[in-house]
Each structure stands twice: as C-alpha cells, then as structure tokens.
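Have a look at the structure below before the remarks.
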Amino acid sequence: KAGVTQTPRYLIKTRGQQVTLSCSPISGHRSVSWYQQTPGQGLQFLFEYFSETQRNKGNFPGRFSGRQFSNSRSEMNVSTLELGDSALYLCASSLAGQGTDTQYFGPGTRLTVL
Amino acid sequence: AQSVTQPDIHITVSEGASLELRCNYSYGATPYLFWYVQSPGQGLQLLLKYFSGDTLVQGIKGFEAEFKRSQSSFNLRKPSVHWSDAAEYFCAVGQGYGNKLVFGAGTILRVKS
C-alpha cells in the first residue's frame, strides 16, 4: 500500500500570499490530521477531518483552514501568510479516527515564508 | 489540559550501550500514549503505543516502553543502540475521541561510535 503523500514537498511564498497544501491518505483511511512543526513551538495539532467533517481543531487563527473531499484527500489553506508560518506541515491518516488508531504520517511540506 | 514533558533535549549514547528516553504526561483520564521517531527530512514513524493492559509494550526496531501510572511516565528503552537509531524521538498523548495528539518537545539522540 502506498503511504501518505503530501504535495508539494517544498514551497516558498512571500508575506501576504496564501498557500494550499495537499494530503492524500493511505487508501481506505478516513481520518486526516494536520500538524505544524517548528523549532520554537514543536509539533502542534492544527485540525482533524473525518468523513469530510472537521472533528477537532487546535489553537490556530482562522487564517488556517482545511477541508476533506469524498475520497478522503485533504487540503489545508493558509491565507495572508506571516513569517511565523514558516514550518514543516505534516499530515497523518488513520483508518477510523479512533484514539487507539495508529496515525501514519507523510513526509511533510516545508513552507518558507519570505 | 493534556501535556507531555520530555526533559532531555539531547542525549548522546555510545553504539551498543543501552538507552532510556524519558517522558512524563499530564492527562486526567487513562492516557493513550505513543512514541514516534523522526529522521532528518522525514515524517514521523510510530515505534509503539499503549492503551491498556500489560504496562510493558514492545515496539519496532527493538524498542520497548513501560507505562507507570504512579509516576505519570512512559519511558522508552532499548538495550543496545545502533548508529541508525540516531534521530529525534517524540512522546505523545492522545485522547479517546479523535486523533488529536499532544507531543512533547522531542529528544535528539546522537550515537557515537
């Protein structure tokens, strides 16, 4: 089975722009979660989608949004980019979105905001 | 609120020596606990997880972890470290509903030959 894929792998944007990141979960997985990883704040939960519905949300401003499609693929969008949004964005998928499920992580998208 | 503390930011171990990485958690209910490893430029890979039952859990790559409720700890151990184990290790706690994980700050493991 193919693992979790994220596109693009690297992205450079300037302040004020917006960006869309994509995540394709493992086939059959219905839950997709997003995390932001920075040297200063570490790994922080952004949001989780299950069956096209946002089920959990972390403490991020409204500039961060996401969605999930009927095939479980997910996108996250960041509007009005700030320098502090530079980070590795990780996507994880799991089968049924239960707390006991194993989450499988993708390689991440490295976003640099100039 | 849930929280995870990994007191050691960096650890250096000689190849072949034993390893213990510390993790303390704070969570009101029975925790779901995880250890992940991240190599440079890679995503996270699950080493092992604990939900209930036997408090000593075995994982991949020869790792094990022991859940101690009285100490709110979930330390990761390996009897003999290999150079390929050099990476960053994250402890995480999950809630019963959904997939939100709260991660510790991570411990960077360096292996010297």
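Just so it is clear: chains get the letters A, B, ... in the order the sequence lines come, proteins before strands, and each one is counted from 1.
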Heavy-atom pair with the smallest gap, counting every atom of B/L44 and A/F105 = O-CB, 3.4 Å
Chain B contact via A/R110 - side chain, backbone, both or neither, heavy atoms under 4.5 Å = neither
message = I want to check something: taking the side chain as every heavy atom from C-beta on, are B/K100 and A/K57 in contact at a cut-off of under 4.5 Å?
response = no
note = For residues 78-90 of chain A against chain B, heavy atoms under 4.5 Å, the residues are A/L88, A/L90
request  = Spell out, yes or no, whether B/I9 and B/F90 are grouped together once hydrophobic residues are joined by side-chain heavy atoms under 4.5 Å, including indirect joins.
outcome  = no
key: A/Y35 versus B/L101, closest heavy-atom pair with distance   = OH-N, 3.1 Å
request  = Sort by residue number and list every member of residues 62-76 of chain A having a non-hydrogen atom under 4.5 Å from chain B.
outcome  = none
ask   = Can you tell which of A/Q44, A/Q6, A/Q37 has the highest number of heavy-atom pairs within less than 4.5 Å of chain B?
value = A/Q37
ask   = Under the 4.5 Å side-chain heavy-atom rule for ILVMFWY, direct or indirect, which residues accompany A/V4?
value = A/I26, A/Y104
query = So which part of A/S33 gets closer than 4.5 Å to some heavy atom of chain B, the side chain, the backbone, both or neither?
reply = side chain
message = Can you tell me which portion of A/F47 sits under 4.5 Å from chain B's heavy atoms? Options are side chain, backbone, both or neither.
response = neither
key: A/F45/B/F103 aromatic ring centres below 6.0 Å   = no
ask   = Taking only heavy atoms into account, what residues of residues 10-24 of chain A are found under 4.5 Å from chain B?
value = none
Rounded distance [0.5 Å steps], OG1 in A/T102 versus CG in B/L48 = 10.5 Å
